[in-house]
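A quick write-up on the structure given underneath.
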Amino acid sequence: MTSTPFGAAIFGCDGLRLSLDERAFFADANPFGFILFDRNLDNADQIRALTSDLRAAVGWNAPIFIDQEGGRVQRLRAPLATDWLPPLDHVEMLGPNAEKGMRLRYRVIAHELMALGIDANCAPMLDVARPETHRFLRNRCYGSNLDQVVKFGRAVVDGHDQGGVFPVIKHIPGHGLAQMDSHLDLPRIDVPADMLDSIDFAAFRPFSDVAMGMTAHLVYKAFGETGPATTSASMIRRIRDDLGFTGLLMTDDIGMQALSGTVPERGAASMAAGCDVILHCNGDLAERIALMDRIGAMPEPSQARAEAALARRTSPDDVDIDALKAKLAELEQGRGA
């Protein structure tokens, strides 16, 4: 681990390999980690070379993140990785075997990520699906009631942990009531506080032990909020105090249009609210530089949470992945429970 304070960011990169300018910027900024997207993924050797180069640029074993939920949101597809059903569809297929099946699914995903040098996945998604949940989110959920989401979410955490991959719980404190796509608009949630507290927020309380979490770009009107949770000091306090989350708290992508202002202004507002690290996903180096100039290094409490998260890095357990895939296929067919 680096002895230099982490830059308060997780950055994307431009393409399939690093430019000299990117290498120099990352070496100077020392971001907490990196995140990969389609523009960064071609073949296995190229991905392994890129992940190695990203870590070499900062000089330590920085976590490298990806969105590999399965279904519509999975950056790696065949032949690089298994193509999965959307999570909600898979849960329904598995029926009474869903808890065991979801654990196996994400253990396989963890194995496929680690083989490419990727060791952090933005999952599980602990949002509770509703009939009105926006279609960009709904089939990414694990269930339509609190018990399902908690049970299957824990199975997803366990699958990652067993495979040596950091899980990232999202979207704290709950995105399931959103009827807009926060990539494009700012959803405003107008339901009573007791409903939020007993369902949406409650889904996250059993996961206070997880090392990393990601905020939601939503307005919760029941608490007198006018801006998104990501940039609200009172909502970040609620995440810490009421939900009990003590891990590293990253923003959802700072480039999403649910947020207002310039990207550096959004980053500064998120840090001022109490987020630990800013997730910046696009491939614009100039924007990354401007953001880093504004947010700088992590403050001491965030640095401590970052170091505590990294200290929980696990090694993959020794398993026969082909046997796990066969077991999962049996569960999907209603056998082998």
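Heavy atoms only: backbone and side chains are in, while hydrogens, waters and symmetry mates are out.
- At a cut-off of 3.5 Å, with distance as the only test, a side-chain donor of Asn145 or Gln148 sits close to an acceptor on the other residue.
- The existence of a salt bridge linking Asp197 and Arg238 is excluded, since no basic side-chain nitrogen approaches an acidic carboxylate oxygen closer than 4.0 Å.
- Side-chain N/O atoms of Asp67 and Gln74 include no donor and acceptor closer than 3.5 Å.
- The two residues Pro173 and Ala229 make their nearest non-hydrogen contact at CD-CB, 4.2 Å.
- Under the 4.0 Å criterion applied to side-chain N and carboxylate O atoms, Asp161 and Arg103 are not assigned as salt-bridge partners.
- Between atom NE2 of residue His111 and atom OG1 of residue Thr82 there is a gap of 9.0 Å, rounded to the nearest 0.5 Å.
- For Phe207 and Phe245, the ring centers sit 6.0 Å or farther from each other.
- Put simply, Met271 and Leu291 are part of the same group of oily side chains (I, L, V, M, F, W, Y) that touch within less than 4.5 Å, one to the next.
- Taking the charged nitrogens against the carboxylate oxygens, Arg237 and Asp242 have no contact shorter than 4.0 Å, which rules out a salt bridge.
- Checked against Arg23 for a salt bridge (Lys or Arg N to Asp or Glu O under 4.0 Å), the options Asp14, Asp28, Asp53 give a single hit: Asp53.
- Using a 4.0 Å cut-off between charged side-chain N and carboxylate O, Arg288 and Glu22 make a salt bridge.
- Evaluated for a side-chain hydrogen bond (donor to acceptor under 3.5 Å, both in side chains) with His217, the options Thr230, Asp252, Thr251 yield exactly one hit, Thr230.
- Between Arg138 and Glu132 no salt bridge is recorded (no basic side-chain N to carboxylate O distance below 4.0 Å).
- Judged as a ring pair (Phe, Tyr, Trp, His ring centres under 6.0 Å), and not counting sequence neighbours, Tyr142 has no contacts.
- Between the CG atom in Leu85 and the CZ atom in Arg72 there is a gap of 13.5 Å [rounded to 0.5 Å].
- The line from CZ of Arg39 to SG of Cys13 is 6.5 Å long, rounded to the nearest 0.5 Å.
- For Phe25 and Phe11, the ring centers sit closer than 6.0 Å to each other.
- For the atom pair CG (Asp158) and CE (Met102), the distance works out to 12.0 Å, reported to the nearest 0.5 Å.
- Rounding to the nearest 0.5 Å places CG of Leu41 at 8.5 Å from CG of Leu116.
- From Met212, atom CE reaches atom NZ of Lys170 across 14.0 Å, with rounding to the nearest 0.5 Å.
- Under the 6.0 Å cut-off for aromatic ring centres, Tyr106 and Trp84 do not qualify, their centroids lying 6.0 Å or more apart.
- For the residue pair His280/Asp253, the side-chain donor-acceptor check at 3.5 Å is not satisfied.
- Considering all non-hydrogen atoms of both residues, Gly334 and Asn97 come closest at CA-ND2, 4.0 Å.
- One finds a salt bridge joining Arg130 and Asp200 here, because a Lys/Arg side-chain nitrogen approaches an Asp/Glu carboxylate oxygen to under 4.0 Å.
- Note on Arg240 versus Asp276: salt bridge recorded, some NZ/NE/NH1/NH2 to OD/OE distance being below 4.0 Å.
- Annotation: side chain to side chain donor-acceptor pair (under 3.5 Å) contacts of Asp119 (sequence neighbours excluded): Arg55, Arg313.
- Each of Phe204, Phe201, Phe136 was checked for a ring pair (Phe, Tyr, Trp, His ring centres under 6.0 Å) with His175, and the lone residue meeting it is Phe136.
- The backbone N or O of Met256 lies less than 3.5 Å from a partner atom in the side chain of Arg266, making a donor-acceptor pair.
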